Protein chains: 2
Amino acid sequence: MNKIRNMKMMTLDELKDKHIGKVGTIERDDYEFELKVEILGEMIKSVRKERQLTQEQLGELVGVNKSQISKLERNTKNVTIETVLKVFRALKTNIKFTIEKLDENYGLV
Amino acid sequence: MNKIRNMKMMTLDELKDKHIGKVGTIERDDYEFELKVEILGEMIKSVRKERQLTQEQLGELVGVNKSQISKLERNTKNVTIETVLKVFRALKTNIKFTIEKLDENYGLV
DNA sequence: TGAAAAGTTTCCTTATAATGAAACTTTATA
DNA sequence: TATAAAGTTTCATTATAAGGAAACTTTTCA
């Protein structure tokens with residue numbers, strides 16, 4: 001590892017406006033987001049749409065009822081890591097997380 | 001936003017060997033990891049140590065008993081997003097997550 | 001515009017994450 | 001090396017995430 005790479009960042013609004021993908025010239029489908037429960041739902045929905053799946057179809061892949069997918073997308077719950085992984089695995093999407101330490105004055109270390 | 005930045009990546013082994021920080025010449029405390037429950041615990045412990053806090057002290061900051069911190073660090077549970085956020089917030093550490101879509105053949109899109 | 005498909009909500013049940021207190025073990029250190 | 005501090009485990013309890021079935025609403029499109 002120790003791989004250095006460029007990351008594009010996107011706000012939730014940008015996600016909503018454009019869905020995922022097609023930003024800039026270098027086609028690279030990596031996006032970084034603040035870790036928030038609300039956004040996770042948006043992400044699931046966006047990727048599912050890209051995959052052209054219905055909630056019912058995604059539910060089959062994940063092994064849950066379509067109502068469960070709806071709930072996850074609409075963030076009716078404070079989801080666990082395992083649930084997040086299960087869904088994104090079904091969507092053939094890797095998830096990574098990044099931590100960024102701040103100093104005492106809340107600036108970057 | 002739309003900020004472009006360099007990200008260093010590290011494996012769990014590297015984390016274990018070196019704890020966090022001091023890789024390369026550009027001192028930048030951003031690290032990206034596969035989203036896995038086991039690693040989250042390692043991360044909490046590493047950052048707590050860097051902050052020179054005991055589990056009891058971190059517990060006070062988070063508002064939970066020290067045994068809870070121990071459990072989180074040792075990954076006895078499948079943690080929820082909210083719990084992750086609570087702890088890293090206390091550690092003054094931002095968390096972001098990145099998704100990376102794969103194509104049908106499991107290669108990068 | 002009406003039927004079918006897709007998505008949402010409600011009402012449940014079950015599984016388990018979150019939590020603390022206290023006993024216990026391990027690690028520092030006087 | 002005894003004692004204190006730090007960390008872990010156990011045993012409970014409580015809160016809530018996960019889940020399905022079915023009724024309901026919204027969207028799609030022939």
Side-chain angles (χ1 to χ4, degrees), chain A residues 12 15-20 33-93 95 97, chain B residues 12 15-20 33-91 93 95 97 99:
Chain A
L12 178 55
L15 173 66
K16 278 175 177 165
D17 292 340
K18 311 186 174 189
H19 276 240
I20 290 177
F33 293 84
E34 287 293 324
L35 180 59
K36 287 178 193 159
V37 183
E38 319 89 63
I39 288 170
L40 272 173
E42 296 274 352
M43 303 280 281
I44 293 169
K45 185 170 182 175
S46 292
V47 181
R48 174 176 64 79
K49 286 273 169 83
E50 277 219 333
R51 299 302 197 206
Q52 312 223 51
L53 297 169
T54 65
Q55 291 183 341
E56 190 154 32
Q57 290 170 325
L58 177 56
E60 275 161 34
L61 290 173
V62 176
V64 299
N65 191 275
K66 64 174 183 164
S67 66
Q68 192 60 14
I69 302 297
S70 174
K71 286 167 197 166
L72 294 174
E73 287 185 359
R74 297 181 59 82
N75 300 115
T76 50
K77 292 291 169 192
N78 170 25
V79 85
T80 65
I81 301 290
E82 287 302 348
T83 298
V84 175
L85 288 172
K86 234 173 30 169
V87 174
F88 281 107
R89 216 178 285 132
L91 288 168
K92 290 179 183 164
T93 299
I95 318 183
F97 71 94
Chain B
L12 177 55
L15 173 65
K16 279 175 176 165
D17 291 340
K18 310 187 176 192
H19 276 239
I20 291 177
F33 294 83
E34 288 293 325
L35 180 58
K36 288 177 190 156
V37 183
E38 318 90 63
I39 288 171
L40 272 173
E42 296 274 352
M43 304 278 282
I44 293 168
K45 184 170 180 174
S46 292
V47 181
R48 174 176 62 80
K49 285 276 170 82
E50 276 220 335
R51 300 301 198 205
Q52 313 223 50
L53 297 170
T54 65
Q55 292 184 341
E56 190 154 32
Q57 290 170 324
L58 177 55
E60 273 161 36
L61 290 172
V62 176
V64 299
N65 192 273
K66 65 176 184 163
S67 65
Q68 192 61 13
I69 302 296
S70 174
K71 287 166 195 164
L72 294 174
E73 287 186 356
R74 297 181 60 82
N75 301 116
T76 49
K77 293 290 170 193
N78 171 24
V79 84
T80 64
I81 300 291
E82 287 301 349
T83 297
V84 175
L85 289 172
K86 235 173 29 167
V87 174
F88 281 106
R89 215 178 285 134
L91 287 169
T93 299
I95 316 184
F97 72 93
I99 63 164

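To find a chain, count down the sequence lines: A is the first, B the second, and so on, and within it residues start at 1. Remember, predicted model here, so these are calculated numbers, not experimental data.
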Base contacts versus sugar-phosphate-only contacts with protein, heavy atoms under 4.0 Å: please encode nucleotides 8-22 of chain C as B, S and - from 5' to 3'. BBBB-----SSBBBB
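- The distance between atom CD of A:Glu60 and atom P of C:dG7, rounded to the nearest whole Å, is 13 Å.
- Closest approach of A:Asn78 to B:Ile81, counting heavy atoms only: OD1-N, 3.8 Å.
- Taking CZ of B:Arg74 as the reference point, atom CD of B:Glu42 lies at 10.0 Å (rounded to 0.5 Å).
- Rounded to whole angstrom, the span from the CD atom of A:Glu56 across to the P atom of C:dA4 amounts to 16 Å.
- The two residues B:Leu58 and B:Ala90 have their closest heavy-atom pair at CD1-CB, 4.0 Å.
- Of the residues listed (A:Lys45, A:Gln68, A:Arg48), the one engaging A:Glu73 in a side chain to side chain donor-acceptor pair (under 3.5 Å) is A:Arg48, and it is the only one.
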Nucleotide N/O of nucleotides 25-30 of chain D paired with protein N/O under 3.5 Å:
none

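- A distance of 10.0 Å separates CG in B:Leu53 from CD1 in B:Ile69, rounded to the nearest 0.5 Å.
- Here the closest non-hydrogen pair linking A:Ile44 and A:Leu72 is CD1-CB, 4.3 Å.
- With hydrogens and angles ignored, the 3.5 Å screen pairs a side-chain donor or acceptor of A:Arg51 with a backbone N or O of A:Lys92.
- In this view, B:Ser70 satisfies the side chain to side chain donor-acceptor pair (under 3.5 Å) rule with no residue, not counting sequence neighbours.
- In this structure, A:Asn75 places its CG atom 16 Å from C1' of D:dT16, rounding to the nearest Å.
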